[in-house]
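Attaching a single structure in structure tokens format; questions to follow.
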Amino acid sequence: MMAFRLLLSCVLLMSGFSAEISVFVQTGDSVQLDVPTQELPEFDIFFWKNYKSEEIVRYLNIIKKVKLCDSYKNRVDFNNKSFSLTLRSMQKTDSGHYTAKASGESDNNIVTYRVSVIDAVEIPVLTVNVNRSSPDPCSLKCNGSNIITIRSIYNSSSCSPEDVTSSDNYKLRLSCSGDSIMCNYSNPVSWKTDIKKVNELCAGFQGPERKHAKEASFCVF
Ligand SMILES: *[C@@H]1O[C@H](CO)[C@@H](O)[C@H](O)[C@H]1NC(C)=O
Ligand SMILES: *[C@@H]1O[C@H](CO)[C@@H](O)[C@H](O)[C@H]1NC(C)=O
Ligand SMILES: *[C@@H]1O[C@H](CO)[C@@H](O)[C@H](O)[C@H]1NC(C)=O
Ligand SMILES: *[C@@H]1O[C@H](CO)[C@@H](O)[C@H](O)[C@H]1NC(C)=O
Ligand SMILES: *[C@@H]1O[C@H](CO)[C@@H](O)[C@H](O)[C@H]1NC(C)=O
């Protein structure tokens with residue numbers, strides 16, 4: 001039993017308790033991966049490895065020397081004080097796990113990042129459909145390219161806000177405020193909107209009383 005427990009704790013130590021941090025990067029952008037330095041033990045060599053377990057950078061502590069892998073040389077910066085790694089011009093194929101390791105008397109995983117490189121969202125399309133003979137005379141439709149379209153109805157000066165989020169974190173939100181209708185399409189790296197003014201399109205639904213009230217306010221006695 002004791003032997004089993006020792007073995008188990010050994011396995012746990014080797015696999016490390018280092019946290020996995022999820023980061024999203026827009027295609028073409030840079031990302032900086034930091035090292036929580038308080039978790040850095042005594043070490044001889046420090047590495048950053050990619051998802052294929054290839055070394056991107058190797059830092060030899062004793063001689064304070066940095067070695068960069070050839071295939072990354074032109075697009076990484078390694079900070080020899082903080083040990084953070086900056087990767088530039090990220091492409092979708094760069095998505096994956098990046099791990100900082102320190103090795104001395106033992107090997108330690110210091111931190112692991114799960115990097116997801118995704119494109120910015122496309123501009124959504126907001127459609128306003130006016131049909132005077134329908135019970136819902138001013139209907140709204142908000143369409144984000146890879147998400148279900150959402151609909152709502154404009155009524156007086158508001159609409160019930162609707163939103164939907166997909167499993168891969170794309171979000172579409174339709175809302176109205178005063179005389180504007182907004183369709184907001186977003187993902188973890190970007191957001192874009194299509195905004196339309198209500199006045200021109202759904203003006204017919206302000207009701208005669210409101211029109212009078214508006215006109216009255218222009219009277220100066
Ligand atoms: C650390 O990096 C700075 C800036 O790139 C450089 O000037 C310095 O020589 C480096 N120090 C070591 C010990 O490598
Ligand atoms: C307008 O609404 C009416 C009543 O719901 C419906 O019969 C008609 O087809 C609609 N017209 C258009 C152009 O959608
Ligand atoms: C939403 O927009 C996409 C791309 O612009 C288009 O292909 C799709 O047909 C639209 N869907 C609806 C329900 O309008
Ligand atoms: C418009 O909104 C008002 C207040 O929220 C509500 O009482 C009314 O029933 C709505 N009308 C329609 C046609 O949805
Ligand atoms: C659009 O949605 C995103 C994500 O929810 C948010 O950060 C952003 O502020 C919204 N834009 C506007 C104009 O409301």
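Counting convention: from 1, in listed order, for ligands and their atoms alike.
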Note, Tyr72 side chain near Val57 side chain (heavy atom, < 4.5 Å):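 Counting from C-beta outward, Tyr72 and Val57 never come under 4.5 Å.
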Shortest non-hydrogen separation from Ser175 to Pro161 and the atoms involved: CB-CB, 4.3 Å
In this structure, does ligand 3 have an atom that sits under 4.0 Å from one of the heavy atoms of Val125? no
Of all heavy-atom pairs between Cys69 and Glu55, which one has the smallest distance, and what is that distance? CB-O, 3.1 Å
Hydrophobic cluster partners of Val189 (side-chain heavy atoms under 4.5 Å):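 Val189 clusters with Phe24, Ile118.
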Answer yes if Ile181 and Trp191 sit in the same cluster of Ile, Leu, Val, Met, Phe, Trp and Tyr residues linked by side chain heavy atoms under 4.5 Å apart, and no otherwise. no
Return a table of N or O atom pairs, ligand 2 on one side and protein on the other, at distances under 3.5 Å, rounded to 0.1 Å.
| from | atom 1 | to | atom 2 | distance (Å) |
| --- | --- | --- | --- | --- |
| ligand 2 | 2 (O) | Asn131 | OD1 | 3.4 |
| ligand 2 | 2 (O) | Asn131 | ND2 | 2.4 |
| ligand 2 | 11 (N) | Asn131 | ND2 | 2.8 |
| ligand 2 | 14 (O) | Asn131 | ND2 | 3.3 |

Any non-hydrogen atom of Met182 lying under 4.0 Å from ligand 5?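 Yes, Met182 has heavy atoms under 4.0 Å from ligand 5.
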Taking only heavy atoms of Thr149, which atoms of ligand 3 are found under 4.0 Å from at least one of them? 12 (C), 13 (C)
Donor-acceptor pair between Ser84 and Asn79 side chains, under 3.5 angstrom: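 No donor-acceptor contact under 3.5 Å links the two side chains.
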Heavy-atom contact under 4.0 Å between Glu122 and ligand 3? no
More than 12 heavy atoms of other residues, nucleotides or ligands under 6.0 Å from CD of Gln91: is that the case?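 Check passes, neighbour count above 12.
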Can a side-chain donor-acceptor contact be found between Thr112 and Thr99 if the only test is distance below 3.5 angstrom? yes
Quick one: does Asn143 get an N or O within less than 3.5 Å of an N or O on ligand 3? yes
Any N/O of Asn184 closer than 3.5 Å to an N/O of ligand 5? yes
Minimal non-hydrogen separation, Ser152 against Cys159, with atom names: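 Taking every non-hydrogen atom into account, OG-CB, 3.7 Å.
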